[in-house]
2 protein chains.
Amino acid sequence: MTAQATTTGAPADETAAEDRPASVDIRIEQDIAAAIFEQRMPPGTRLSEARLGQLYEVSRTVVRKALFRLASDRLVEIRPNRGAIVPRPDVTEARNVFAARRVIEPALLADSVPHLAAADRRTLDALVVADRRAHEARDRQAMIRASGDFHRGLARMAGNDVLFEFLEQLIGRTSLIIATYQTYVLPHCAEHVHEALVETIASGDVAAAQQAMIRHLLDCEAQLHLQDDDTETDDLAGMLDAHATDTAAPAFTDTRNAR
Amino acid sequence: MTAQATTTGAPADETAAEDRPASVDIRIEQDIAAAIFEQRMPPGTRLSEARLGQLYEVSRTVVRKALFRLASDRLVEIRPNRGAIVPRPDVTEARNVFAARRVIEPALLADSVPHLAAADRRTLDALVVADRRAHEARDRQAMIRASGDFHRGLARMAGNDVLFEFLEQLIGRTSLIIATYQTYVLPHCAEHVHEALVETIASGDVAAAQQAMIRHLLDCEAQLHLQDDDTETDDLAGMLDAHATDTAAPAFTDTRNAR
DNA sequence: CAAAGTTGAATCGTATCCAATTGACGCGGA
DNA sequence: TCCGCGTCAATTGGATACGATTCAACTTTG
């Protein structure tokens with residue numbers, strides 16, 4: 001995993017430069033993951049093994065491997081005998097993912113903030129710059145990528161690979177959730193929040209940094225349209241009612257930390 | 001492992017009652033996982049695809065699928081072109097796994113403790129009883145299984161599937177770690193700790209329950225022989241010195257919660 | 001015209017086959 | 001005695017072939 005290369009190149013491009021022996025299946029996995037992250041593959045997209053196989057000029061076996069790995073990260077869903085699709089997370093899962101992030105990210109900060117080296121600070125600054133650039137350019141995909149990279153880079157500094165990999169998975173699933181439930185098309189994370197977050201982190205105050213992170217995650221979640229649309233059965237009347245009040249109180253399970 | 005004899009301890013994950021033939025690959029996966037959990041397969045065991053295939057009377061393809069899934073859960077390690085083995089976690093990974101558990105399990109308690117239903121209490125009691133029985137019978141494998149089931153069952157009550165699955169993976173990896181680094185052969189978890197834990201949980205005091213859980217996990221970790229044996233390079237002299245002091249201070253990264 | 005039964009295409013799941021890599025064994029030389 | 005080198009068996013990695021399943025469109029009939 002760790003789809004960091006993701007040059008977003010055309011998938012079919014091949015044999016051009018054999019500079020890397022990186023097995024094809026990994027490349028397929030990373031390409032698909034990146035496509036999902038950056039919302040070029042919306043939920044519901046069908047991922048045919050055969051199609052992908054001929055796209056990458058490779059047999060179904062290797063495509064299948066990539067697909068299974070993605071499924072284990074919950075980035076695609078494999079329905080028996082019915083093919084793989086990029087899943088549409090339900091509201092409960094969405095809330096749980098955010099709750100999990102509110103657990104893990106502050107915990108990582110508890111380790112990273114006290115031991116922040118100068119190099120780490122530079123790395124964070126670079127990530128923030130990339131974030132700001134993406135915002136200035138109004139480049140949605142770049143924004144999403146930059147946001148993920150920021151959280152990823154921050155998490156890596158804690159030095160706990162286990163939790164880092166968990167968070168990496170959560171970041172991917174968050175992209176999917178945002179793709180499914182975003183309300184406004186533009187800013188899925190406000191412009192300067194990461195910048196402010198770095199300031200707080202750099203101050204060395206662990207508790208403050210954790211609170212800031214939790215607030216940030218709550219903000220992100222609040223921007224989404226998380227209500228039970230699973231009941232898509234027959235409230236057509238409600239759908240047609242232009243005055244429907246969709247401002248049901250969140251009432252999320254506040255899985256913040258110990259306290 | 002005696003192929004199909006292992007139908008006993010189904011992880012109880014699937015109560016869907018579907019008359020599915022429960023595809024063989026899943027059974028293989030569960031069997032191997034159980035064998036690792038209960039330490040019938042010590043680290044280093046080679047898992048030949050061909051061997052497993054003829055054991056289950058199935059082609060290598062399906063064995064391979066099970067193996068890959070286990071690898072994504074870090075329960076087996078697949079070395080390219082060299083086959084799969086059950087891995088030997090290094091000390092850093094061991095510490096990280098315990099640190100992760102100290103993050104996730106208290107967070108789960110924050111959700112489960114306040115809303116503990118009567119049925120939950122009965123479930124916990126049953127789990128504790130199974131634990132005690134295993135201890136009384138001096139049945140190592142049953143003890144390990146009961147301990148895992150206890151933590152699993154407790155975690156399930158929080159209602160966050162995402163964190164639950166993370167913890168499930170951590171529990172499995174913990175088994176592996178214990179198998180690798182346990183010092184004394186008998187009690188990898190003291191006899192009445194889970195019982196006391198349930199008492200604290202039932203009291204409804206979230207903070208107390210979290211503290212008790214953290215202490216319990218620290219105890220488990222402390223019972224292990226976690227010192228850097230990765231430095232197997234050339235301190236032969238030290239290894240040969242019978243008086244070598246192996247009581248280096250732990251100095252673990254105390255990734256406890258937010259506070 | 002509507003509903004039920006039938007048929008067909010597409011896709012997945014498993015098995016088998018062949019190529020590629022690895023680690024081991026044995027031989028010869030310093 | 002130890003080290004380097006070449007051949008070889010074993011195992012994995014990937015491709016292809018075939019049966020099984022599912023979904024959807026079509027036809028037929030009441």
Side-chain angles (χ1 to χ4, degrees), chain A residues 1 11-12 14-15 18-32 35 41 43-88 232, chain B residues 1 3-4 14 16-32 41 43-88 232 234 236:
Chain A
M1 47 190 80
E14 201 267 331
T15 66
E18 184 85 3
D19 57 348
R20 187 161 300 182
S23 335
V24 190
D25 57 342
I26 292 181
R27 212 168 73 82
I28 297 178
E29 181 188 358
Q30 293 180 347
D31 283 357
I32 294 179
M41 277 189 183
T45 304
R46 294 181 52 89
L47 299 168
S48 160
E49 297 180 357
R51 185 82 57 86
L52 287 169
Q54 67 189 33
L55 249 167
Y56 282 90
E57 290 173 334
V58 85
S59 107
R60 275 179 46 218
T61 310
V62 56
V63 174
R64 172 178 292 249
K65 197 199 303 196
L67 249 27
F68 277 129
R69 213 161 359 183
L70 287 165
S72 80
D73 287 342
R74 302 293 193 279
L75 251 66
V76 313
E77 177 183 343
I78 295 181
R79 302 110 85 215
N81 289 316
R82 299 186 50 221
I85 62 171
V86 16
R88 189 186 313 275
E232 60 191 5
Chain B
M1 68 180 73
Q4 74 275 18
E14 289 294 336
E18 298 279 350
D19 55 332
R20 283 250 187 266
S23 349
V24 193
D25 59 338
I26 291 182
R27 219 168 66 78
I28 297 179
E29 180 188 359
Q30 293 180 347
D31 282 358
I32 295 178
M41 277 189 182
T45 304
R46 293 183 50 90
L47 299 169
S48 160
E49 297 179 0
R51 185 81 59 86
L52 287 169
Q54 65 189 36
L55 250 167
Y56 282 90
E57 290 171 332
V58 83
S59 110
R60 275 177 45 217
T61 310
V62 56
V63 174
R64 173 181 291 247
K65 194 194 316 191
L67 249 28
F68 277 129
R69 211 160 3 185
L70 287 165
S72 80
D73 288 342
R74 303 293 195 281
L75 251 68
V76 313
E77 178 182 342
I78 295 182
R79 302 109 87 216
N81 288 313
R82 298 185 50 219
I85 63 170
V86 16
R88 191 185 313 275
E232 59 192 2
D234 56 350
L236 287 177

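Residue numbers start from 1 in every chain, and the chains themselves are labelled A, B, ... in the order their sequence lines are given, proteins ahead of strands. Just so you know, these numbers use all the heavy atoms, side chains as well, and skip hydrogens, waters and symmetry mates.
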Legend entry - A:I32 versus A:L47, closest heavy-atom pair with distance: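 For A:I32 and A:L47, the tightest heavy-atom pair comes out as CG2-CD1, 4.4 Å.
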Legend entry - Nearest heavy-atom neighbours spanning B:E29 and B:A66: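 Nearest heavy atoms, B:E29 then B:A66: N-CB, 3.9 Å.
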Give me, pair by pair, the N or O atoms of the protein and of nucleotides 10-14 of chain D that are less than 3.5 Å apart, along with how far apart they are.
residue: D:dT12; atom: OP1; partner: B:E49; partner atom: N; Å: 3.3
residue: D:dG13; atom: OP2; partner: B:R64; partner atom: NH1; Å: 3.4
residue: D:dG13; atom: N7; partner: B:R60; partner atom: NH2; Å: 3.1
residue: D:dG13; atom: N7; partner: B:R64; partner atom: NH2; Å: 3.4
residue: D:dG14; atom: OP2; partner: A:K65; partner atom: NZ; Å: 2.9

Legend entry - B:D31 vs B:Y56 side-chain heavy atoms within contact, under 4.5 Å: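 Touching, per the 4.5 Å side-chain cut-off.
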Legend entry - Min side-chain heavy-atom separation A:K65-B:F68 under 4.5 Å: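 In contact.
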Inset, instruction - Just jot down the salt bridge (charged side-chain N to carboxylate O under 4.0 Å, His left out) partners of A:E49, sequence neighbours excluded, or say none. - result: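 A:R60, A:R64.
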What integer distance in Å separates [X]:[atom1] from [N]:[atom2]?
X: A:L67; N: C:dG13; atom1: CG; atom2: C1'; result: 14 Å
X: A:Q54; N: D:dA15; atom1: CD; atom2: P; result: 14 Å
X: B:E57; N: C:dT16; atom1: CD; atom2: P; result: 12 Å

